[in-house]
Amino acid sequence: ISNITRPKGYNVSFHYQPEMEKHHFGQTHPMKPWRLTLTKSLVMSYGMNFAMDNYTPRAATYEELRDFHTQDYLDFLATVAPEPVPRDLDNHNPDLKFNLGGSDCPLFEGLFDYCSMSGGVSLDAARKICNKESDIAIAWGGGLHHAKKSEASGFCYINDIVLAILQLLRHHPRVLYIDIDVHHGDGVEEAFFSTDRVMTCSFHKYDPLNFFPGTGGLDDNGPKNEHNPGAHHAINVPLNDGITDEQYAWLFQSVIGKIVEKFRPTAICLQCGADSLAGDRIGRFNLQVQGHGACVEYVKGLGLPMIIFGGGGYTPRNVARAWAYETAVAIGCQGRIDPVIPQHTVWREHFRQESLLPSLEQIVGEPRQNRNTQKRLQDVIQHVHEQLRFVNQ
Ligand code: V1S
Ligand code: CA
Ligand code: ZN
């Protein structure tokens with residue numbers, strides 16, 4: 001604990017709402033809000049909380065959610081009752097609307113509270129960036145990038161990222177959104193399709209027929225018509241199974257480096273979905289904690305104000321490892337933390353099943369075969385660079 005110090009003249013804030021973890025999507029559902037508890041415990045067991053400003057944000061209000069979502073959607077979300085037995089897609093209930101209910105976006109006890117807390121966490125982070133109280137604001141309870149203005153999608157009901165970006169745009173002329181979740185950040189991309197003040201860039205597994213949500217091809221760069229200032233402001237990096245740390249770092253730095261040079265953002269939002277790690281229950285990549293965290297290190301190195309969001313991540317111990325490590329990166333103490341998970345933490349119990357000396361960085365799970373050729377990745381980089389020729393700030 002003693003070697004974690006507060007970075008001088010640099011403020012990192014941690015926005016965490018302990019009530020979120022009490023919600024349950026259902027026994028077989030991959031989204032487990034208690035991964036947030038595990039992350040917080042790991043962060044605290046290293047004493048990282050002493051190096052940050054810690055906030056317990058209030059839930060977002062109905063009016064704040066209305067900045068992006070429609071009234072009829074919010075009214076339905078706020079009043080719909082949980083179904084006694086979760087139904088599968090074939091067992092369709094005609095009374096349900098807005099893609100609510102069903103297996104991906106089930107109705108559960110306290111759903112609206114859970115959604116408004118996630119919105120509240122990310123809005124709080126955005127406010128601290130806007131008033132310059134934070135250089136980096138961390139919101140692991142946010143990152144729910146699939147939600148649309150009137151539709152739930154892919155475990156996401158309220159798009160906290162869109163709400164946070166809208167808040168940032170009140171003070172920042174240009175915001176860059178980067179998404180390293182294994183899924184395409186379709187909800188955020190769509191929300192800012194018609195503006196040149198937000199550029200979105202998602203790295204994801206792309207297989208239109210077999211992998212959710214099926215969007216985010218290389219050529220999908222925003223509706224191209226001469227009246228749309230947002231054309232060319234959506235960048236997509238479609239990938240195949242098994243990408244490694246080395247390939248990802250090279251791709252990430254080539255793409256983000258060029259975007260920053262051309263778009264010149266004044267603030268950055270980084271969605272750190274941990275389902276791009278090896279061994280994830282639904283992801284397909286081979287990233288290690290180091291490779292995932294290297295993206296955070298690179299973006300931090302750009303020296304711009306930034307919000308770090310959570311997102312996907314379905315092997316809870318690995319999610320906690322990555323997000324604790326990335327919290328250390330934000331503080332700047334990643335080189336000084338014990339590679340073995342501290343013995344005194346009660347959460348040692350969760351990791352003991354792996355080994356007597358569980359490692360922070362060594363994730364669990366089998367690697368996948370790498371199906372990304374260097375030639376294909378080079379073509380992707382070239383396409384992105386060509387796309388950015390249209391962007392000039
Ligand atoms: N991949 C995947 C996947 N797995 C599930 C799922 C599995 C078990 C359950 F009990 C409930 C759902 N759903 C999906 C995907 C949605 C992935 C959402 C990712 C969210 C994020 O990480 O990006 C951000 C938080 N849904 C589908 O693939 C849709 C189906 C088409 C197939 C699976 N069945 C269960 C639903 C319909
Ligand atoms: Ca992504
Ligand atoms: Zn995901």
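Remember, it's 1-based here, ligands and their atoms both numbered in the order they're listed. Since the model is a prediction, treat every value here as computed from it, not as a measurement.
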So, S276 and the Ca ion (ligand 2): N/O/S under 3.0 Å, yes or no?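 Looking at S276, which is the residue asked about, there is no N, O or S atom under 3.0 Å from the Ca ion (ligand 2).
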
I'd like to know: is the Ca ion (ligand 2) within the 3.0 Å range of an N/O/S atom from F203, strictly under that distance?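 So F203 does bind the Ca ion (ligand 2) by this criterion.
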
Which of the N/O/S atoms in D181 sits closest to the Zn ion (ligand 3)?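 In D181, the N, O or S atom with the shortest distance to the Zn ion (ligand 3) is OD1.
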
Between ligand 1 and F25, can you find any atom pair, the residue atom being a heavy atom, that is separated by under 4.0 Å?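 The answer is no: ligand 1 sits nowhere under 4.0 Å from a heavy atom of F25.
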
Quick check on G273 - does any of its heavy atoms sit under 4.0 Å from an atom of ligand 1?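 Per 4.0 Å heavy-atom rule, G273 does not contact ligand 1.
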
Ignoring angles and geometry beyond distance, decide whether [X] reaches within less than 3.5 Å of ligand 1 through its nitrogen or oxygen atoms.
X	result
T28	no
D181	yes
H183	yes

Under a 4.0 Å N-O cut-off, is there an ion pair linking [X] with [Y]?
X	Y	result
D379	R376	no
R321	E354	yes
K22	E19	yes

Side chain or backbone of P213 under 4.0 Å from ligand 1, or both, or neither, by non-hydrogen atoms?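 Within the 4.0 Å criterion, P213 makes no contact with ligand 1.
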
[X]: numbered ligand 1 atoms lying under 4.0 Å from its heavy atoms:
X	value
H29	10 (F), 11 (C)
G312	22 (O), 24 (C), 25 (C)
Y314	19 (C), 20 (C), 21 (C), 22 (O), 24 (C), 25 (C)
H145	21 (C), 23 (O), 24 (C)

I'd like to know if the side chain of [X] pairs up with that of [Y] as donor and acceptor (distance under 3.5 Å, no hydrogens or angles considered).
X	Y	result
Q288	E361	no
N286	Q369	no
H227	N225	no
Q378	Q382	no

Within this structure, what is the CD-CD1 distance for the pair Q271 and I178, rounded to the nearest 0.5 Å?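 Those atoms lie 11.0 Å apart.
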
Spacing of C269 atom SG and H145 atom NE2 [to the nearest 0.5 Å]: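 It comes to 14.0 Å.
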
Which one of V182, D104, D275 has a non-hydrogen atom at the shortest distance from atom 13 (N) of ligand 1?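 Of the listed residues, D104 has the closest heavy atom.
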
With the Zn ion (ligand 3) at the center, what angle do OD2 from D275 and ND1 from H183 span, rounded to 10 degrees?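 Once rounded, the angle between the two atoms at the Zn ion (ligand 3) is 100°.
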
When you draw lines from the Ca ion (ligand 2) to OD1 of D179 and to O of H183, what angle lies between them, to the nearest 10°?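 That angle is 100°.
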
Measure from NZ or CZ of K128 to the centre of the six-membered ring of Y55, then state whether that distance is under 6.0 Å and the direction lies within 45° of the axis.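 Judged by the rule, K128 and Y55 form a cation-pi pair.
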
